[in-house]
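Presented below is the structure to which this report refers.
When a ligand or atom number is given, it counts from 1 through the structure's own listing order.
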Amino acid sequence: MNRKQLNIGLFGFGCVGYGLYQVLKETPGLKTTIKTIVVKHPGKARAISPGHFSYDRNAILDDPEINVVVELIDDADAAFEIVSRALKNGKAVVTANKKMIAEHFDELLRLQRAYDVPLLYEAACCASIPIIRNLEEYYNNDMLQSIEGIVNGSTNYILDKTSEEHLSYSEALTLAQEKGYAESDPTLDTKGFDAKYKLTILLAHAFGLSVDPSDIVHIGIDRIGELELAYAREKNMKIKLIAHASKNAAGNISAYVLPKFVPEGHKFSSVDGVFNGVIAQTSFADTQFFVGRGAGAYPTASAVLSDLSALTYDYRYEYKKLTGNEQLEHNEHILLKVFFRHDKDVKPAYGHYFDSIEESYTNANHAYVTGYISLKNLAELYRNDEGHSFIQLDHAARIDTKKTKKEESAYAIIE
Ligand code: HSE
C-alpha cells in the first residue's frame with residue numbers, strides 16, 4: 001500500500017509539541033516532514049532556535065503544501081478557531097485538545113463530514129493508551145456494558161504522592177506541573193473538568209452519544225480531606241478519580257466523574273502515579289483492562305505519532321455508533337453508594353437527598369455518612385456547600401435493577 005506523504009504544520013511547541021518533534025526525528029520510517037511550526041510568544045525560551053518558528057497562523061493555514069495540521073496548544077478557544085479553519089481548508093487535523101473536542105463535538109463532526117477531511121485525537125484521552133481507536137473499531141461487534149477509567153494523570157499522580165509518600169497536596173501538584181502532566185490551569189485537572197472532557201469523548205466512541213460536557217456530573221480531588229484519607233488507610237483502600245459510563249436499567253447511559261475508594265486487589269489499585277487505566281465491561285468478552293502512561297511529553301506524542309501514521313493510510317473515524325440504529329440516551333438515573341463528609345457543626349439537611357443511609361459517624365472534629373444517593377441529588381448537594389465531599393464506595397461494578405425506597409422507577413445501582 002502506498003502511504004501518503006505528510007507535510008505537517010505544527011501549532012504549539014510546549015511539552016507535547018517538543019515531544020512530538022523529538023519522536024518524529026526518531027521515526028524516520030514515517031513519511032512526514034514538519035514544514036512550519038507556529039507558536040504564540042516570540043520571546044519565550046525554547047529548546048530549538050527561534051529560526052524554526054513562525055508567529056503567524058496563516059503561515060500554516062494558508063499554505064497549500066501543508067496537508068496535515070497538528071494542533072498542540074493549550075488554549076481551547078484558539079484551538080477551535082485553528083482546527084475549524086484547517087478543516088475548512090481541506091487539511092487533515094491531529095489534536096490532543098480534549099476540552100476543545102468535548103465542547104465542540106457536534107460542530108467538529110459536521111466539519112469533518114462537510115469538508116471530507118479526517119480529525120484524529122487519540123492523544124486527547126489517556127495519552128499513550130490506544131483507547132479511542134479500540135472503542136471505535138473493536139467494540140462495534142461486542143456489546144459494551146460499561147467503561148470506567150482513571151483518565152487524568154495529574155490527579156492520579158497527586159493522589160499517589162499524597163497518600164503513599166505523604167507529600168502535601170500543593171507539593172504533589174507542583175511536581176505534577178514540573179513534570180509537564182498538569183494543564184496550564186491545573187484546576188481543570190484537580191476539579192475533574194479534564195476527566196469529564198475525556199469522558200465526553202469516550203462516550204461518543206463507546207456508546208455513540210454526543211453529550212454536552214456541562215450535562216455530566218463531575219467532582220474532582222480538590223475537596224478530599226484528612227478524614228477520607230484516614231478512612232481509606234484504615235480500610236486498606238486507595239482513592240482514585242474515576243470517569244464512569246454505564247448502561248443503566250432502562251438501557252440508557254449514565255456518566256459521571258467521581259473520586260472513588262478502590263480496594264486492594266482491584267485492577268485500578270495498581271494504576272499509580274501518572275498512569276491511566278480503563279476497564280471495559282463487555283457482554284461476551286467479560287472484562288478488558290487497558291493501562292499506560294496518561295500524561296507527559298513522550299506518551300502523548302506517541303499517540304499523536306500513531307494518528308499521523310494512521311493518516312498516511314487515510315484512516316478516519318467513521319463514528320458508526322453515532323449514526324447506528326441503537327440510539328441511547330444520556331440520563332442521571334443511577335444510584336450510587338457514597339461516603340459523604342460534611343461539617344460536623346453545620347449539619348446539612350442531607351437526609352432527604354439520600355435514598356438510604358447505612359452508617360453515620362461523628363467525632364470531635366468530623367462527620368460523615370455512607371449511603372445511597374441518586375447522581376442528581378449528589379450533584380445538587382455538592383453544589384450547595386463547599387465543605388462537602390463525596391467519594392464513591394465499593395467497586396464491584398455490579399449493576400442491578402433493585403427498586404429503591406423513594407423511586408418507583410428502576411434505577412441502576414452501582415455497588
Ligand atoms: N493534564 C492531563 C492529565 C494531561 O494530567 O491527564 C493529559 O491529558
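Within 6.0 Å of the CG atom in Asn363, the count of heavy atoms belonging to other residues, nucleotides or ligands exceeds 12. Within 6.0 Å of atom CZ in Arg293, 12 or fewer heavy atoms from other residues, nucleotides or ligands are found, so the atom counts as exposed in its surroundings. Heavy-atom contacts from other residues, nucleotides or ligands closer than 6.0 Å to CD of Glu318 number 12 or fewer.
Between the side chains of Gln281 and Thr287, at least one donor N or O sits under 3.5 Å from an acceptor N or O. Judged by distance alone, the side chains of Asn140 and Tyr138 never bring a donor and an acceptor atom under 3.5 Å apart.
Between Thr155 and ligand 1, no pair of N/O atoms sits closer than 3.5 Å. Geometrically, ligand 1 and Ala124 share no nitrogen or oxygen pair separated by less than 3.5 Å.
Atoms of ligand 1 found under 4.0 Å from any heavy atom of Gly153, numbered from 1 in the order shown, are 3 (C), 5 (O), 6 (O). Applying the 4.0 Å criterion to heavy atoms of Lys198 picks out, from ligand 1, the atoms 2 (C), 3 (C), 6 (O), 7 (C), 8 (O). Near Asn152, meaning under 4.0 Å from one of its heavy atoms, ligand 1 places the atoms 2 (C), 3 (C), 5 (O), 6 (O). Each of the following atoms of ligand 1 lies closer than 4.0 Å to a heavy atom of Lys98: 2 (C), 4 (C), 7 (C), 8 (O). Those atoms of ligand 1 that come under 4.0 Å of a heavy atom in Gly294, given as number and element, are 6 (O), 7 (C). Those atoms of ligand 1 with a heavy atom of Glu183 less than 4.0 angstrom away are 1 (N), 2 (C), 4 (C).
Checked by atom type and distance alone, the side chain of Arg341 pairs as donor or acceptor with a backbone atom of Arg223 at under 3.5 Å.
By the criterion of a heavy-atom distance under 4.0 Å, the side chain of Asp189, and not its backbone, is placed next to ligand 1.
At least one test fails for Lys25 against the ring of Tyr21: distance under 6.0 Å to the centre or angle within 45° of the axis.
Considering only non-hydrogen protein atoms, atom 5 (O) of ligand 1 sits nearest to Ser154 OG, 2.6 Å.
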